[in-house]
Amino acid sequence: MSPYTVNVSGLSPTTTDAQLNDFFTFCGKISKVEKEKDRAVIHFEMPNSAKTALMLNGGTLDGSVLSITSENTYQDEESKSKDEGLEQHEKPRAGIAAEYLAHGYVLSHKALERAIEIDNEQGISKRFLEYFHHVDKSLGSRALGPDQTISSKVQSTVDAATQKAKTVDEQKGYSKTAYDFYAKAIASPLGQKVRSFYTSTSKRVQDIHEEARRIADQHKAPSGAADSGEKVEAGSESVQTK
């Protein structure tokens with residue numbers, strides 16, 4: 001059984017195991033959910049995920065304010081996965097907080113401040129930065145030429161370039177995997193700001209709210225555009241964005 005656990009209390013009588021799983025999956029992969037009445041124990045595969053879950057203390061699920069605690073203090077560990085994709089627990093905490101808000105969950109101001117604090121304390125993970133830069137450069141190389149990035153270009157260039165890259169991808173038959181959440185984010189009208197949000201530790205609570213609105217708008221994109229709301233297995237090439 002996983003040693004990376006958090007204790008949850010204050011659950012609504014109507015909260016189900018599935019709701020708990022959906023809520024805490026934003027933190028990372030869950031190995032087990034044990035629920036009894038208004039309490040639950042969530043078992044995670046990585047300490048990073050448990051640390052993120054503790055950050056959410058005071059958040060709201062199913063109309064009830066949650067108390068999320070643990071007897072242990074968790075420290076982040078670098079993923080040992082050789083998969084070229086990105087796993088949920090490797091994302092910056094501010095980015096994870098934005099995903100929660102984008103999907104209608106209520107997090108306290110203190111939780112958002114804690115997300116920024118954690119990112120400031122330990123920086124953005126090397127694996128995440130490498131992945132993010134890879135997406136940016138890969139998209140730019142296909143659309144603009146060698147050693148080019150999308151995030152550095154003005155939006156008129158971005159629009160034309162991403163359409164060209166999309167055409168190339170569709171011809172090769174892998175548009176659904178190539179155009180993951182971050183590629184769409186970088187190619188958005190807020191591309192440079194999005195890049196700063198995910199790769200810099202300098203941000204405010206308001207920045208999290210703004211990114212949450214961008215994610216929510218991306219969910220509303222018409223068919224054929226970015227469908228970041230599709231639930232994808234964490235760790236796959238198209239990272240889980242719920």
Side-chain angles (χ1 to χ4, degrees), residues 2-12 15 19-35 39-79 86-129 181 197-213 215-216 234-235 239-242:
S2 170
Y4 312 124
T5 63
V6 297
N7 304 310
V8 184
S9 60
L11 294 173
S12 165
T15 299
Q19 286 175 301
L20 282 168
N21 188 80
D22 286 346
F23 183 81
F24 285 103
T25 293
F26 282 97
C27 301
K29 290 182 180 179
I30 296 170
S31 56
K32 188 176 183 181
V33 173
E34 296 179 296
K35 179 179 177 295
R39 297 176 178 272
V41 179
I42 313 297
H43 299 257
F44 293 100
E45 293 188 9
M46 292 290 292
N48 313 45
S49 303
K51 185 173 182 177
T52 301
L54 292 172
M55 176 189 87
L56 304 174
N57 183 43
T60 302
L61 175 63
D62 201 17
S64 292
V65 177
L66 305 181
S67 173
I68 306 172
T69 61
S70 178
E71 295 80 13
N72 302 312
T73 300
Y74 300 109
Q75 300 299 324
D76 285 355
E77 293 181 4
E78 287 291 333
S79 176
L86 186 74
E87 298 193 45
Q88 184 72 11
H89 70 267
E90 295 172 314
K91 296 179 181 180
R93 263 61 179 217
I96 293 174
E99 290 181 19
Y100 271 102
L101 298 179
H103 289 82
Y105 291 111
V106 177
L107 300 183
S108 68
H109 187 83
K110 185 176 181 180
L112 301 185
E113 288 181 328
R114 180 58 180 151
I116 294 172
E117 181 182 336
I118 294 174
D119 287 343
N120 277 325
E121 287 175 350
Q122 56 194 47
I124 310 301
S125 77
K126 179 181 178 182
R127 184 174 166 89
F128 177 84
L129 289 174
F181 176 69
F197 178 84
Y198 283 102
T199 61
S200 168
T201 58
S202 177
K203 56 180 67 74
R204 304 163 300 157
V205 167
Q206 182 60 31
D207 296 326
I208 297 179
H209 284 289
E210 290 178 0
E211 174 60 6
R213 284 193 290 272
I215 295 172
V239 237
Q240 180 178 4
T241 55
K242 292 280 294 174

Asker: Aromatic contact between His89 and Phe44, with the criterion being ring centroids under 6.0 Å apart: yes or no?
Answerer: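 No.
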Asker: Please check if any side-chain donor atom of Asn120 sits under 3.5 Å from a side-chain acceptor atom of Thr201, or the reverse.
Answerer: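 Result is yes, a qualifying pair exists.
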Asker: Does Arg127 pair with Glu87 as a salt bridge, N-O distance under 4.0 Å?
Answerer: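 So Arg127 does not pair with Glu87 through a salt bridge.
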Asker: With a 6.0 Å cut-off on the ring centroids, do Tyr105 and Tyr100 count as close?
Answerer: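 Close enough - the centres of the two rings lie under 6.0 Å apart.
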Asker: Please report the closest heavy-atom contact between Ala98 and Glu211, naming both atoms and the distance.
Answerer: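 Ala98 and Glu211 have their closest heavy atoms at CB-CG, 3.8 Å.
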Asker: Between Asn7 and Glu71, do the side chains contain an N or O donor and an N or O acceptor separated by less than 3.5 Å?
Answerer: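 Judged by distance alone, the side chains do pair up.
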Asker: Applying side-chain hydrogen bond (donor to acceptor under 3.5 Å, both in side chains), run through His109 and Glu113 and close with a yes or a no.
Answerer: CA-CA 6 Å; His109 187 83; Glu113 288 181 328; 3.2 Å; yes
Asker: Kindly give the heavy-atom pair with the smallest separation between Leu56 and Phe23, and that separation in Å.
Answerer: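 Looks like CD1-CE2, 4.0 Å.
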Asker: Inspect the contact between Glu34 and Lys32 and indicate whether a charged nitrogen and a carboxylate oxygen are less than 4.0 angstrom apart.
Answerer: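 Yes.
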Asker: Going by an N to O cut-off under 4.0 Å, is there a salt bridge joining Arg93 and Asp76?
Answerer: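 So Arg93 pairs with Asp76 through a salt bridge.
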Asker: Do any N or O atoms from the side chain of Ser64 and from the backbone of Thr60 form a donor-acceptor pair under 3.5 angstrom?
Answerer: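 Answer holds: no.
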Asker: Classify the side-chain pair Gln122/Lys51 by whether it contains a donor and acceptor separated by less than 3.5 Å.
Answerer: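 There is such a pair (donor and acceptor under 3.5 Å, judged by atom type) between the side chains of Gln122 and Lys51.
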Asker: Salt bridge check: are Arg114 and Glu121 linked by an N-O gap of less than 4.0 Å?
Answerer: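 Looking at Arg114 and Glu121, the cut-off is met.
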Asker: Is the closest side-chain heavy-atom distance between Lys110 and Asn57 below 4.5 Å?
Answerer: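 In short, these two side chains do not touch, never coming nearer than 4.5 Å.
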Asker: Do other residues, nucleotides or ligands put more than 12 heavy atoms under 6.0 Å from the CZ atom of Arg39?
Answerer: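 For Arg39, atom CZ is not crowded (no more than 12 foreign heavy atoms under 6.0 Å).
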Asker: Taking all non-hydrogen atoms of both residues, which atom of Glu99 and which atom of Phe26 are closest, and how far apart?
Answerer: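 Closest pair (atom of Glu99, atom of Phe26, distance): OE1-CD2, 3.5 Å.
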Asker: Does Lys203 count as lying over the ring of Phe197, i.e. NZ or CZ under 6.0 Å from the six-ring centre, within 45 degrees of the axis?
Answerer: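 Yes, Lys203 lies over the aromatic ring of Phe197.
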